[in-house]
Amino acid sequence: MSSSFCELCGRPATDGKRSVLIDSTVFNVCMACSKRGKPYVSPSVGKRKTASTTFSSRVKPQRIQLTDDTVLNPEFASLIREARIKLGLSHEQLGARMNERAILLRKLETGALKPDEVFAKKLERFLGVTLYKSIKEDE
Ligand SMILES: [Zn+2]
């Protein structure tokens, strides 16, 4: 195997080859020669997503934007209540489905409690309602 020889000294790299950077060139060298350059970490070793990151500049990072353009609908209490009734569920039943406490849902429906973003998203999913609305739609 030709690959078993050090690219610097030419000796068989019996103790395993190292990839090092010397003058921004990658050499596969023996253990002794590896001290002459900087350790080179292959991109495929450090990052497994080399292929996809090549085009990553086109892809915007996935961010859930709730705070910028959307606000909690002030009618959220009645929205939740109506959606729940439409589904024919009691607080307890809905709570059980959502793995939340019924008392929490009661408080939401009276407006005593405001759902945070995560909880609102959960309610939207379970009830099929939109609790967060875009500010832009009101313009
Ligand atoms: Zn060598």
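Both counts, for ligands and for their atoms, begin at 1 and track the order of listing.
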Crowded around K122 NZ? As in, over 12 foreign heavy atoms under 6.0 Å? yes
Same cluster (ILVMFWY, side-chain, under 4.5 Å), [X] and [Y]:
X    : Y    : answer
L94  : L108 : yes
L127 : L79  : yes
F5   : L8   : no

Check whether R84 reaches the backbone of L89 with its side chain - one donor and one acceptor, N or O, closer than 3.5 Å. yes
With 2.8 Å as the limit, jot down which protein N, O or S atoms are around the Zn ion (ligand 1). C6 SG, C9 SG, C30 SG, C33 SG
Apply the hydrophobic cluster definition, ILVMFWY joined by side-chain contacts under 4.5 Å directly or through others, and give me every member besides I103. none
